[in-house]
Amino acid sequence: ESQTLWGIVQGGAYRDLRQENATFIADQSFDGYAVGGSLGKSKDEMHQVLEWTIPLLPQEKPRHLLGIGEIEDIFQVVKRGIDLFDCVAPTRMARTGTMFVQEAERFRIHIQNARFKDDPRPIDEGCHCYTCCNYSRAYLRHLFVAKELSAVRLASIHNLHFIESLMRNIRTAIREGRLAALSREWLDP
């Protein structure tokens, strides 16, 4: 009873195939709809695929994009009508010591850089995750350099919390009619 069945729209970066498949899938009684397969070779092509596809899917049902995880992309796909997405990026990046930080270039730092050796700050000073509340950048760098397994776990906790917090903020902004303002705050500071 708690399982749902979702239709997945395919068709590569071909408008006619995407629209034909989206129309067919939308006519089926699915609990939600996903956009999958190849989304083109660039972010512009991905956006174009979504602009062809999303208007053809029922608005009253959730729409999922497979494999999206960059902060900039999250804002772009939400703006185009995506409700849910999944990606391994937060945990994959955590395994290499790359962690999300709102005020950093491309929203990330690489904790193994020497500049963090004596840095007493949390990963992200505005974050309230377990990792940021209990460990410094210097200590996390030490864990990675020492190849301690707890480093990956703590980095993953932070990155997942960061994405979940961002999505909470996006949902609130949508309800309050200020998604464009939130997007500018993050992408055009």
Side-chain angles (χ1 to χ4, degrees), residues 2-4 6 32 34-36 39 43 46 50 62-189:
S2 63
Q3 293 186 355
T4 61
W6 289 52
V35 179
L39 298 170
K43 295 195 188 238
M46 175 184 68
L50 294 175
R63 292 164 297 195
H64 181 89
L65 182 61
L66 301 161
I68 195 81
E70 296 285 334
I71 304 299
E72 301 89 345
D73 294 339
I74 291 170
F75 280 101
Q76 290 297 323
V77 302
V78 167
K79 181 171 61 173
R80 287 173 170 79
I82 293 295
D83 302 301
L84 307 160
F85 54 88
D86 67 287
C87 189
V88 299
T91 53
R92 179 181 288 154
M93 288 193 301
R95 288 193 298 272
T96 66
T98 302
M99 293 183 252
F100 290 125
V101 176
Q102 184 174 355
E103 302 301 323
E105 183 180 343
R106 294 191 65 217
F107 305 104
R108 62 186 73 170
I109 63 170
H110 188 69
I111 202 68
Q112 294 186 60
N113 287 347
R115 71 177 190 227
F116 299 118
K117 183 178 181 180
D118 298 313
D119 193 334
R121 298 175 296 159
I123 297 165
D124 189 341
E125 295 185 271
C127 182
H128 303 293
C129 76
Y130 173 81
T131 304
C132 286
C133 288
N134 292 286
Y135 301 98
S136 69
R137 290 177 175 187
Y139 184 67
L140 290 165
R141 180 184 183 280
H142 158 73
L143 292 176
F144 271 100
V145 170
K147 301 192 182 319
E148 290 286 342
L149 291 178
S150 59
V152 173
R153 181 173 293 184
L154 292 169
S156 294
I157 288 169
H158 168 75
N159 281 356
L160 291 170
H161 183 272
F162 185 94
I163 294 294
E164 289 174 359
S165 295
L166 172 60
M167 289 311 301
R168 258 191 311 279
N169 290 338
I170 288 174
R171 284 190 298 275
T172 299
I174 290 169
R175 279 192 300 273
E176 296 174 355
R178 54 178 190 80
L179 179 61
L182 182 67
S183 179
R184 281 191 305 276
E185 177 185 320
W186 275 74
L187 303 178
D188 304 319

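Small disclaimer: the values here were computed from a predicted structure and weren't measured.
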Distance, nearest 0.5 Å, that separates [atom1] of [X] from [atom2] of [Y]:
{"X": "Leu166", "Y": "Arg171", "atom1": "CG", "atom2": "CZ", "answer": "9.5 Å"}
{"X": "Trp6", "Y": "Leu66", "atom1": "CH2", "atom2": "CG", "answer": "9.5 Å"}
{"X": "Asp73", "Y": "Cys87", "atom1": "CG", "atom2": "SG", "answer": "9.0 Å"}
{"X": "Gln76", "Y": "Ile82", "atom1": "CD", "atom2": "CD1", "answer": "12.5 Å"}
{"X": "Glu164", "Y": "Asn169", "atom1": "CD", "atom2": "CG", "answer": "12.0 Å"}
{"X": "Arg184", "Y": "Leu179", "atom1": "CZ", "atom2": "CG", "answer": "9.5 Å"}

### Message
Between Leu39 and Ile68, is the side-chain contact (heavy atoms from CB on, under 4.5 Å) condition met? List the steps.
### Response
CA-CA 11 Å; Leu39 298 170; Ile68 195 81; over 6 Å; no
Below 4.5 Å, heavy atoms only, C-beta onward: do [X] and [Y] meet side chain to side chain?
{"X": "Tyr130", "Y": "Leu154", "answer": "yes"}
{"X": "Val35", "Y": "Arg63", "answer": "no"}
{"X": "Met167", "Y": "Ile74", "answer": "yes"}

Could you tell me whether the side chain of [X] and the main chain of [Y] form a donor-acceptor pair under 3.5 Å?
{"X": "Ser165", "Y": "His161", "answer": "yes"}
{"X": "Asn159", "Y": "Phe100", "answer": "yes"}
{"X": "Asn113", "Y": "Arg115", "answer": "no"}
{"X": "His158", "Y": "Cys132", "answer": "no"}

### Message
Around atom CD of Glu105, are there more than 12 heavy atoms from other residues, nucleotides or ligands closer than 6.0 Å?
### Response
no
### Task
Step through the shown structure and confirm whether more than 12 heavy atoms of other residues, nucleotides or ligands are within 6.0 Å of CZ on Arg178.
yes
### Task
Apply side-chain contact (heavy atoms from CB on, under 4.5 Å) to Phe75 and Ile170, showing your working.
CA-CA 8 Å; Phe75 280 101; Ile170 288 174; 3.9 Å; yes
Which heavy atom of [X] sits nearest to which heavy atom of [Y], and what is that distance?
{"X": "Pro90", "Y": "Leu160", "result": "CB-CD2, 4.0 Å"}
{"X": "Arg121", "Y": "Asp119", "result": "NH2-OD2, 2.8 Å"}
{"X": "Phe144", "Y": "Ala155", "result": "CZ-CB, 3.9 Å"}
{"X": "Gly69", "Y": "Ala89", "result": "CA-CB, 4.4 Å"}

### Among His142, Arg137, His110, the one residue meeting side chain to side chain contact (heavy atoms under 4.5 Å, CB included) with Phe116
Arg137
#### Entry: Residues which pass ring-ring contact (aromatic ring centres under 6.0 Å, His included) with Phe107, listed by chain and number, not counting sequence neighbours
Trp186
### Task
Could you go through the side-chain contact (heavy atoms from CB on, under 4.5 Å) check for Arg108 and Glu70 one step at a time?
CA-CA 10 Å; Arg108 62 186 73 170; Glu70 296 285 334; 2.5 Å; yes
### Query
Between Ser156 and Arg153, does any side-chain donor sit less than 3.5 Å from a side-chain acceptor?
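Short answer, no.
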### Task
Might you work through the side-chain contact (heavy atoms from CB on, under 4.5 Å) test for Ile71 and Ile163, ending with a clear yes or no?
CA-CA 8 Å; Ile71 304 299; Ile163 294 294; 3.6 Å; yes
